[in-house]
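The structure appears below as structure tokens.
Given the structure is predicted, the values throughout are model-derived calculations rather than measurements. The basis for the numbers below is simple: all heavy atoms, side chains too, and nothing from hydrogens, waters or symmetry mates. In what follows, chains carry the letters A, B, and so on, assigned in the order in which the sequence lines appear, proteins first and then strands, with residues in each chain numbered from 1.
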2 protein chains.
Amino acid sequence: MEKLNNIIFYNIDHSIRLYRMYAQKKLREHGFKITIDQWLVIKCILENPTITQHELSELVFKDNASVTRIIDLLIKANYLEKEINPDDRRKFILQVTKSGEEIIKNVQEIILQNRNKALKGIDAKELEIADAVLRKIITNCK
Amino acid sequence: MEKLNNIIFYNIDHSIRLYRMYAQKKLREHGFKITIDQWLVIKCILENPTITQHELSELVFKDNASVTRIIDLLIKANYLEKEINPDDRRKFILQVTKSGEEIIKNVQEIILQNRNKALKGIDAKELEIADAVLRKIITNCK
DNA sequence: TTAAAATAATTGATATATCAATTAAGTTTT
DNA sequence: AAAACTTAATTGATATATCAATTATTTTAA
């Protein structure tokens with residue numbers, strides 16, 4: 001047990017790093033000019049149209065500063081627009097552009113392929129257990 | 001199954017992020033001026049005294065550029081020294097200083113506490129399964 | 001209802017991640 | 001031995017992570 005204790009975080013780190021690199025490489029190979037993090041942010045806005053940047057940061061496990069900068073880049077890339085929320089002028093309304101919607105739609109198939117590739121040969125029950133372990137770690141670290 | 005597929009990477013990402021934040025916070029609270037990544041690099045050099053930067057980068061899943069910069073900071077912090085390897089002048093010999101050895105020794109107890117806290121209440125068999133799943137993902141993404 | 005507290009977002013500073021290009025030193029080929 | 005190739009490390013550019021400090025706005029409390 002002691003040895004595995006030492007190594008589980010190492011493997012968590014390694015697996016997510018490799019998956020992200022793999023996913024990013026596939027996006028690049030298909031000519032998509034977007035990062036995994038940017039993709040995730042647009043995806044969350046599409047699914048939660050009234051979300052604030054602060055709520056967004058909690059949803060994607062990034063801090064406010066990171067979200068601000070990712071959004072800046074998304075606006076520069078013309079995937080996103082923002083305007084002050086008249087109901088609370090501290091907040092912004094985030095609006096995915098046509099171009100933003102399009103790239104998400106086009107990228108979707110590759111994302112699914114990436115997941116299938118990464119999870120190939122893994123038993124559903126084992127995956128469920130792994131997920132439960134991860135959720136437990138999340139709870140413990142909060 | 002499909003839904004879990006969608007969420008497992010989300011939880012992998014979330015768990016390692018929270019664990020790193022927790023671990024970093026604990027180090028800071030105890031007054032240690034070192035990052036988790038820097039700690040890992042020193043640890044690897046101590047355990048592999050003849051390791052090159054390139055080998056190091058493979059061991060800690062970082063690329064050469066990141067390792068170069070982490071080593072620069074470790075040298076600045078006086079935890080590490082490096083000198084050209086006379087047998088192959090492209091390489092460096094990495095030497096942990098007394099101060100570097102000391103901080104690793106002093107930090108050890110906190111690292112163990114962090115791991116115990118993060119893994120509390122997780123069954124050994126389930127942990128083993130989770131680890132196997134992660135290793136499988138690693139293999140699949142290579 | 002004004003002062004204090006809380007919230008949302010930004011900015012600055014520093015660390016790390018990633019890719020591409022470059023430099024320097026070794027190795028292989030012809 | 002010189003040219004071509006390979007390897008090790010660095011550097012530059014850009015993206016993200018994290019903390020602390022700041023600004024603007026809203027809410028709460030005195």
Nearest heavy atoms of A:Leu134 and B:Ser15, plus distance in Å: CD2-OG, 3.5 Å

Among residues 12-36 of chain A, which contact DNA chain C at a heavy-atom distance under 4.0 Å? A:Arg17, A:Met21, A:Arg28

If you compare all heavy atoms of B:Cys141 against all heavy atoms of A:Tyr19, which two are closest, and at what distance to 0.1 Å? SG-CA, 3.8 Å

If every non-hydrogen atom of A:Cys44 is compared with every non-hydrogen atom of A:Leu59, which pair is closest and at what distance? SG-CD2, 3.8 Å

Identify the heavy atoms of B:Phe61 and A:Arg17 that sit nearest to each other, and give their distance. O-CD, 3.3 Å

Looking at B:Ser66, is its backbone amide N or carbonyl O close enough to the side chain of B:Asp63 to form a donor-acceptor pair, meaning the two atoms are under 3.5 Å apart? yes

Just to be sure I understand the rule, does B:Asp88 reach a base, reach only the sugar-phosphate, or reach nothing, if contact means heavy atoms closer than 4.0 Å? sugar-phosphate

Chain A reaches DNA chain D, atoms under 4.0 Å from its heavy atoms, from D:dA15 to D:dT26

Check step by step if side-chain contact (heavy atoms from CB on, under 4.5 Å) holds for B:Leu119 and A:Phe9. CA-CA 10 Å; B:Leu119 296 178; A:Phe9 297 107; 3.8 Å; yes

Check every strand shown and say whether B:Ser66 touches a base, only sugar-phosphate, or nothing at a heavy-atom separation below 4.0 Å. base

Starting at the 5' end of DNA chain C, which residue's closest nucleotide do you reach first, B:Asp63 or B:Arg89? B:Asp63

Verify the neighbour count for atom CD of B:Glu55: are there more than 12 heavy atoms of other residues, nucleotides or ligands below 6.0 Å? yes

What are the two closest non-hydrogen atoms of A:Glu126 and B:Val133, and how far apart are they? O-CG2, 3.8 Å

Selection from C:dG26, C:dA9, C:dT7 that lies nearest to any side-chain heavy atom of A:Arg90: C:dT7

Quick one: on DNA chain D, does B:Phe92 or A:Ala65 contact a more 5' nucleotide (nearest heavy atom)? B:Phe92

Look at all strands and tell whether A:Asp37 reaches a base, only sugar-phosphate, or nothing, counting heavy atoms closer than 4.0 Å. sugar-phosphate

Give the rounded distance in Å between these two atoms: CD1 of B:Ile84 and P of C:dA25. 8 Å

